[in-house]
> 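Take a look at the following structure, please.
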Amino acid sequence: MTSSKPTPEEASGRPAAAGESLDFIREIVKADLASGKNGQRVATRFPPEPNGYLHIGHAKSICLNFGIAREFGGTCNLRFDDTNPTKEDVEYVDSIKEDIRWLGFEWSKELYASDYFGQLYDWAEHLIRAGKAYVDESDPDQIREMRGTLTEPGKPSPYRDRPAEESLALFRKMRAGELPDGAMVLRARVDMTSPNLNLRDPIMYRIRRAHHHRTGDAWCIYPMYDWAHGQSDSIEQITHSICTLEFENHRPLYDWFLDNLPAPSHPQQIEFARLNLTYTVMSKRKLLRLVQDRLVSGWDDPRMPTISGLRRRGFTAQSLRAFADRIGVAKRESIVDVALLEHCVREDLNASAPRVMAVLRPLRVVIENYPEDQTEELELPFHPDHPEMGTRKIPFSRELFIERDDFKEDPPKKFFRLAPGREVRLRGGYFIKCTGVVKDPATGEITELRCSYDPATRSGAAPDGRKVKVTIHWVSARHAVEAEVRVYDRLFTDPDPSDRDGKEFTSFLNPASLETLRACKLEPAASSAAPESRWQFERLGYFCADRRDSRPGALVFNRTVSLKDEWARISGADN
RNA sequence: UCCGACGUCGUCUAAUGGCAGGACAGGGGACUUUGGAUCCUCUAAUCGUGGUUCGAAUCCACGCGUCGGAACCA
């Protein structure tokens, strides 16, 4: 992050509390800064492999790496870890860049591990000459065999002690394309008996004739992660190389390479626990599976935990950053309750989203004592706490729509909404009383309510001081704007949808994770909703005009999250 | 089984040998022209056993549990 930003607190979205404690990584950075370890310099990097879309777990890492750079006046590079051309693609590079920017971060430099293929090759020769790397002609099965097991040490390859000159000549042949794919590999000569299997002569290069999205066909040998990552960090003079826990076992190798090379710097690798969230999956493999098997509509399906999916669902970048701040950073593996994420987006949208009324499941109401062709305009603020957001005009007429859920012919205890003979307030309008119920004689389904209104209660107050229990939302039938609303729920029914008990994670998919409602009625003020604009539909939740499918005249909204619902809680309903 | 890491309210996270605190979730209440928001309030935790210490979540020992590690993946 090179652009100047005000205060660390404001930049990170975290409250500026005095004496606030730092996470263990920031604690290390702070101490290193104080001791002058890296010459007062802080440099981090975010190193995605371009083989999938970023998800909210990556958002945690992005907020950490870019956040530290921002807070401590350092830099953060975006470096694509593109060492495996068979799995990587520019589509992913582009989506990753878009997602990071959308999240509110800008990298100091955009780099690629493939930028360093030349330097990496030279260093490999250096290691060979020093007797610390050798070309192994064993096949994959033999290598696996000789690696030993978790409890038994490995055995040296017959090629382990061959002269450096021989390895050098062979390595040059590998690089020159004179050998077929998989014929041999370059291995680091570390320790075949180490209890850490990563140190049992790890493979540095494999021969693979694959077209690389950046280097094209310039190379037919590609470096492995361990050989590329630390060296890339060193070249970029990264000070703190932050990664997730599964790389902890790789740290000794990370250090070994740098200790045995004339590398420009030796960054410190620090590991933290990756994010897990309830009711979703986070591994790229599983997300890819959902996409490929069309279990979702794509990487940006609003039910996906991808950054693009969350964005499309209506989550704000601010709410994701706030979430990252609240979950903290530690080494303990954990599963964060998705309710915390939902809380963060409600918190943000409650403050910023304009209010409007929408009826998702319309029930027609005829106000019998309201004149046939009369229309009046009522006025309501866009936000009850922010008058500066202005007001909107709401037409009122004899025929209205209300939410089906807001009426019960036989109301249970604590159901305060409309029922025969009962009076409620129409939001911003009049008190109405239900005087009759019209049903389809064939099915018994309620098709219409007959009501009367009290003209003295215009704008919602009764001159005689009488109270109503609740206020319900409504839309004038004649003036209603039609829209499609996609009501999303959790993608999985189980808080931990992992493969277990012989069942695949897909068996926990929630069949009701998407409900598409096509005849929803919106008040006219919502007709101008721009793609990706976010609204509160009063009493229902926060909704976002779909950035791909919504157009003026053919509006499509995604439900980001419902409002907290006391009645749902009491009645035990899901939403 | 070997190596490594990690065990604090239901969940996430603080404590840096000195009052176990915060957030989310949950309960109760106030207020309310959104059963929203807001405000008040309550419930709720140091894996176990020893040891060191005036004092241990923290240090030590031994257990127990969880996770990761045997791709020419990252």
> Think A/R144 has a side-chain N or O under 4.0 angstrom from the OP1 or OP2 of B/rC72?
no

> Taking the side chain of A/D565 as heavy atoms from C-beta outward, which of B/rC72, B/rG35, B/rA74 is closest to it?
B/rG35

> Heavy atoms from C-beta onward define the side chain here; which of B/rA25, B/rG35, B/rU16 lies closest to that of A/A339?
B/rA25

> So, does A/K467 get its side chain near the phosphate of B/rU32, meaning an N or O under 4.0 Å from OP1 or OP2?
no

> Using 4.0 Å as the upper bound for N to carboxylate O, is an ion pair formed by A/E379 and A/R392?
no

> Counting any heavy atom closer than 4.0 Å, what does A/L563 reach on the DNA or RNA strands: base, sugar-phosphate only, or nothing?
base

> Using a heavy-atom cut-off of 4.0 Å across all strands, would you classify A/T149 as base, sugar-phosphate, or nothing?
base

> What nucleotide among B/rG35, B/rG36, B/rA71 has an atom nearest to a side-chain atom of A/M224?
B/rA71

> The side chain of A/R427 is closest to which nucleotide in this list: B/rC2, B/rU11, B/rU34?
B/rU34

> Under 4.0 Å, heavy atoms only, any strand: does A/T83 hit a base, just the sugar-phosphate, or nothing?
sugar-phosphate

> Return the orientation label for the A/H55 and A/H58 ring planes: parallel under 30°, perpendicular over 60°, tilted otherwise.
tilted

> Kindly point out which of B/rC12, B/rC2, B/rC73 is positioned nearest to the side chain of A/P195?
B/rC2

> Counting only side-chain nitrogens and oxygens, does A/R417 get under 4.0 Å of the OP1 or OP2 atom of B/rG35?
no

> State whether A/R274 and A/E246 are salt-bridged, where the test is any N-O pair (Lys NZ or Arg NE/NH1/NH2 against Asp/Glu carboxylate O) under 4.0 Å.
yes

> Below 4.0 angstrom, N of the basic side chain to O of the carboxylate: do A/R500 and A/D494 qualify?
yes

> Are any of the side-chain nitrogens in A/D454 or A/R466 under 4.0 Å away from the carboxylate oxygens of its partner?
yes

> Using the C1' atom on both, measure B/rG7 against B/rU49 and round to a whole Å.
16 Å

> Mind checking if A/E271 touches a base, just sugar-phosphate, or nothing, with heavy atoms under 4.0 Å?
nothing

> Looking at the side chain of A/H250, which of B/rA23, B/rA74, B/rC73 is the nearest nucleotide?
B/rA74

> Between B/rC72, B/rG35, B/rA74, which nucleotide has the shortest distance from any of its atoms to the side chain of A/N84?
B/rA74

> Could you state the atom-to-atom distance from CG of A/N198 to C1' of B/rA74 in whole Å?
12 Å

> Taking the same atom, C1', in B/rU58 and in B/rA15, what whole-Å distance lies between them?
8 Å

> RNA chain B in dot-bracket, Watson-Crick or G-U pairs under 3.5 Å, [ ] crossing, | other strand?
.((((((..((((....[..)))).(((((.......)))))....(((((..]....))))))))))).....

> For A/M204 and B/rA71, what is the distance between atoms CE and P respectively, to the nearest whole Å?
19 Å

> Just call it for A/D226: base, sugar-phosphate, or nothing, with non-hydrogen atoms closer than 4.0 Å on any strand.
nothing

> Whole-Å distance between B/rC67 P and A/E248 CD?
16 Å

> Name the closest nucleotide to the A/P384 side chain, picking from B/rA71, B/rA15, B/rG36.
B/rG36

> With hydrogens left out and only the distance checked, is there a donor-acceptor pair under 3.5 Å joining A/R326's side chain and the base of B/rU13?
no

> Hey, are A/R147 and A/E152 close enough for a salt bridge, meaning a charged N less than 4.0 Å from a carboxylate O?
no

> What is the separation between atom CZ on A/R422 and atom P on B/rG35, rounded to the nearest whole Å?
14 Å

> Aromatic rings A/W219 and A/Y121: how do their planes relate, parallel, tilted or perpendicular, breaks at 30° and 60°?
tilted

> Ignoring backbone atoms, establish whether A/R285 has a side-chain N or O less than 4.0 Å from OP1 or OP2 of B/rA71.
no

> Between atom CZ in A/R274 and atom P in B/rG69, what is the gap in whole Å?
10 Å

> Side chain of A/N350 only, heavy atoms from C-beta on: which candidate in B/rG36, B/rC72, B/rA23 is closest?
B/rG36

> Spell out yes or no: do the side chain of A/Q536 and the base of B/rU34 have one donor N/O and one acceptor N/O closer than 3.5 Å?
yes

> For A/E145, is there an ion pair with A/K155 - N to carboxylate O distance below 4.0 angstrom?
no

> Charged N to carboxylate O under 4.0 angstrom, A/E403 versus A/R417?
no

> Taking CD from A/E566 and P from B/rG29, how many angstroms apart are they, rounded to a whole number?
10 Å

> As a test of the definition: with a 90° window around 0 for syn, would you call B/rA14 syn or anti?
anti

> A/H343 side chain: which of B/rA25, B/rA74, B/rA70 is closest?
B/rA25

> Over how many whole Å does the gap from A/E538 atom CD to B/rU32 atom C1' extend?
13 Å

> Rounded to whole angstroms, how far apart are CZ on A/R346 and P on B/rU38?
11 Å

> Give me the ring orientation class for A/F543 and A/F537: parallel if the planes are under 30° apart, tilted from 30 to 60°, perpendicular past 60°.
parallel

> Look at the side-chain N and O atoms of A/R147 and state whether any lies under 4.0 Å from the OP1 or OP2 oxygen of B/rC72.
yes

